[in-house]
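Down below is the structure, laid out as structure tokens.
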Number of protein chains: 4
Amino acid sequence: MPKPPDATRRSERSRTAILDAALALITESGYAALTIEAIAARAGVGKQTIYRWWKGRGEIVLDALAEQVTAAGPPALPDTGDLEADLRLVVRATVAELADPKLSEITRALTVESLTSESFADQVRDRILRPQLDTIKDRLRGHVRAGIDPDLAVELFVGPMYHRWMLRTGPLTEEYADALVDLALAALRPGADRG
Amino acid sequence: MPKPPDATRRSERSRTAILDAALALITESGYAALTIEAIAARAGVGKQTIYRWWKGRGEIVLDALAEQVTAAGPPALPDTGDLEADLRLVVRATVAELADPKLSEITRALTVESLTSESFADQVRDRILRPQLDTIKDRLRGHVRAGIDPDLAVELFVGPMYHRWMLRTGPLTEEYADALVDLALAALRPGADRG
Amino acid sequence: MPKPPDATRRSERSRTAILDAALALITESGYAALTIEAIAARAGVGKQTIYRWWKGRGEIVLDALAEQVTAAGPPALPDTGDLEADLRLVVRATVAELADPKLSEITRALTVESLTSESFADQVRDRILRPQLDTIKDRLRGHVRAGIDPDLAVELFVGPMYHRWMLRTGPLTEEYADALVDLALAALRPGADRG
Amino acid sequence: MPKPPDATRRSERSRTAILDAALALITESGYAALTIEAIAARAGVGKQTIYRWWKGRGEIVLDALAEQVTAAGPPALPDTGDLEADLRLVVRATVAELADPKLSEITRALTVESLTSESFADQVRDRILRPQLDTIKDRLRGHVRAGIDPDLAVELFVGPMYHRWMLRTGPLTEEYADALVDLALAALRPGADRG
DNA sequence: GGGTAATCGAGACGGTACGTCATGTCTTGTG
DNA sequence: CACAAGACATGACGTACCGTCTCGATTACCC
């Protein structure tokens, strides 16, 4: 019966230091070098303080990212009226992030942990991914032919992108982003079910 | 200058024992429990014999899978004339494999390692993934409207599937497989570019 | 900069267990079988705990012996007034110890390590040997003709003994001990410099 | 029943190369670095060739030394008529050798192995040590008072020397050598038994 | 002078132990 | 009681050598 710690007495200073240290280490040296001991040392914190509040390095990265996202406000998807242009913007941005080794390090970390633990995958999905996917889903509403699962529709945009990133099956360029948007939209467009 | 070992002197007995042990352990206990020491012990082999021929556990799993695939012959995609039916078959099969925790363990392993090492990702792509993707690409030829990158076309089928599997964004069922095929085909079909 | 561990936090339980395990193993199986892993296993201790406080197995044996010696109090050399009788006692005791394979195992260990590392030899000399030699040196005072280096005088007793033990050049018996004392005393006795 | 190899077919070239390599390695890097694999590599020889003819590295060093000694001819102890002067010569020479880290490395090796294996100690004694000690023993004959074991007499010269070398209990200088000879001779001189 | 049996260089093999690293838990003051 | 510090038991890492083994390729002796 390991009783839960008293959250009201938690040190904000330590919490922030840990999150900052984790982000700094992961961008400097990659996820492989991100050990609990390294975080503790860098943050000037005892290891126990980390284990008291997090289950592992994955959760720390997750929290750090969530913090960052919260600070930046909700993900904004422009609504210029031109659906294709708007989607190109987001897809291009995501592709650019994945193409950058430093920037994609956090995504790499979360993906690895998701593959390792189902409950972790659930957390990533609900806290990080869902909000992003939902903005696309909302923007798509009304432009999709009837009978199509909205979740599947969104996956049509992000799935190929992640697949290409993970398995390096091709270049991650703006042209690729545009072609992907083009293709996915063609699938969804009303009247596309029959040539 | 660590000179490479003499492959002609390699012990076939040990090679097979190691590959078998790795597969047995990964299906029994998962990738996390797959340590070099465990493989060595199970295979009745010295650790050095493993390190002599492989760089890490990822490569062993990769070789084991390649062996298996080679034994099973090239992946066969039926060509009944009905493209949609044929694709449903493969996509359903893949979805079923991903839905099974045991069967997907190897895919999980290869994905984690691909995210960890670029050169490993290249190997997975070339030795495992490419042959599979190419059968779809070939089958698709002639049924896709002009100007579409064939690789992107294939990714439209597999990307969403893997994304859903990794991040658990939805159920992996036959209905899902069919819907995915339906949607992807709609995107590719000649005349789909404009409603 | 490998900073030194905090000695005040050291676990007395582990320290003792390690020393005891080392002594038990060395008398049971000899110095060759005394591995760090065996000590750790026998003591129920992690290897790192050993490496944190000792440089190698030699130092452990040294500490164990020092502990034992400390517990037994300072080496007592009787002073009955009969110098020759007193010396026979110590030399006989030492010869008996060297003649016993079990008892001499520790001496063997310390000698091997002394031959391997100069700094180790210094430790053995200062912590173990010096006290023993000094009791002889003190007892000899006043019975030695002028101009003789006291250290050399003491070596005259112990040197031949160890030499015979190490290189097995002859039996280690009480007769030998007595003859050695006889001879060494003859060398030191006032008036011995000229026949 | 591991039948002994046929000595008549032995490769003289390999034998010499191994002995040379062992001596070179031991003087260059010390006994600790003298591994069978290093010798084999340096000598351009297969490991099996070493194991076929020797039991371990100690025996190789022993053979190498014996070879060297044989080449140099039997140890010569001068007989100028002045016993003390003659003994000073040998003792000084031995002390000088022990004082030199490079030169004493072989002695170190043989001593360590002697402490490890009784049968090895016997070999060292019979093949290396005895001839040296016997020259002293012979030279001493006639100058020693009755009733003294000649072997013990010799040990009086070499024992203290080795003891001081092994345990670093004092400097190994010419003055030391002379004082040792002086003292030992005093013990042996006829009429020394009673002041 | 060809057949054959051993030694030879080379190095892969199953092992053991090494010394290091990180894990997650526990312990010891300090604020 | 949270915290910084860090010792602890555990377990895997990747490396170094061990001593045995198997593989052609020279030998060198015998018929």
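Below, chains carry the letters A, B, ... as their sequence lines are ordered, and counting in each starts from 1. Since this is a predicted model, take the numbers as computed values, not measurements. Note that these values count all heavy atoms, side chains included, but never hydrogens, waters or copies made by symmetry.
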Interatomic distance, A/I39 atom CD1 to A/T49 atom OG1 [nearest 0.5 angstrom]: 12.5 Å
Determine the contact category for A/W54: base if any of its heavy atoms lies under 4.0 Å from a base atom, sugar-phosphate if only primed atoms, P, OP1 or OP2 are that close, otherwise nothing. nothing
Under the side chain to side chain donor-acceptor pair (under 3.5 Å) rule, what pairs show up with a residue in residues 29-44 of chain D, not counting sequence neighbours? D/E28-D/R42, D/Y31-D/R57, D/Y31-D/E113, D/E37-D/K47
Please report, rounded to the nearest Å, how far the P atom of F/dC21 is from the CZ atom of D/R52. 13 Å
What residues from residues 10-22 of chain A pass a heavy-atom cutoff of under 4.0 Å to DNA chain F? A/R10, A/S11, A/S14
When rounded to the nearest 0.5 angstrom, what is the spacing between OG in C/S117 and CG in C/D122? 8.0 Å
Within the 4.5 Å heavy-atom criterion, are B/E59 and B/Q123 side-chain neighbours or not? yes
Side chain to side chain contact (heavy atoms under 4.5 Å, CB included) with C/A43: which residues, sequence neighbours excluded? C/A17, C/I18, C/A21, C/V45
Before giving the answer on salt bridge (Lys or Arg N to Asp or Glu O under 4.0 Å), spell out for A/E12 and A/R15 the whole-Å C-alpha distance, their side-chain angles and the decisive distance to 0.1 Å. CA-CA 5 Å; A/E12 177 61 17; A/R15 206 191 114 266; 2.6 Å; yes
Is D/E105 salt-bridged to D/K102, cutoff N-O under 4.0 Å? no
Grab the CG-C1' distance between B/D6 and F/dT22 for me, whole Å please. 12 Å
Look at the side-chain N and O atoms of B/T49 and state whether any lies under 4.0 Å from the OP1 or OP2 oxygen of E/dA12. no
Taking NZ, NE, NH1 and NH2 as the nitrogens, is one of them in D/D63 or D/R127 under 4.0 Å from a carboxylate oxygen of the other? yes
Any chance CD of D/E118 has more than 12 other-residue heavy atoms, nucleotides or ligands included, within less than 6.0 Å? no
Could you pick out which residue, D/G46 or B/P4, lies toward the 5' side of DNA chain E when each is mapped onto its nearest nucleotide? D/G46
To the nearest Å, give me how far apart CD1 (D/I50) and P (E/dG11) are. 14 Å
Atom pairs, protein N/O to nucleotides 22-26 of chain E N/O, distance under 3.5 Å:
unit_1 : atom_1 : unit_2 : atom_2 : d
E/dT23 : OP1    : A/I36  : N      : 3.2
E/dT23 : OP2    : A/I36  : N      : 3.2
E/dT23 : OP2    : A/E37  : N      : 3.4
E/dG24 : OP2    : A/Y51  : OH     : 2.7
E/dG24 : N7     : A/K47  : NZ     : 3.3
E/dG24 : O6     : A/K47  : NZ     : 2.6
E/dC26 : N4     : A/Q48  : NE2    : 2.3

Atom CZ of C/R13 with >12 non-hydrogen neighbours under 6.0 angstrom: no
Only residue of C/V61, C/L62, C/I60 satisfying side-chain contact (heavy atoms from CB on, under 4.5 Å) with C/W54 is C/I60
Sub-4.0 Å heavy-atom contacts from residues 106-123 of chain B onto DNA chain E, ordered by number: none
Nearest to the side chain of D/V45 - F/dC3, E/dG9, E/dC13? E/dG9
Shorter than 3.5 Å, N or O on both sides, protein versus nucleotides 25-31 of chain F: list them out with atom names.
unit_1 : atom_1 : unit_2 : atom_2 : d
F/dT27 : O2     : D/R9   : NH2    : 2.9

Is there a donor-acceptor pair closer than 3.5 Å between any side-chain N or O of A/T27 and the backbone N or O of A/A24? yes
E/dG19 P sits how many Å from C/I39 CD1, rounded? 11 Å
How close do C/F120 and C/L110 get, heavy atom to heavy atom, and via which atoms? CE2-O, 3.7 Å
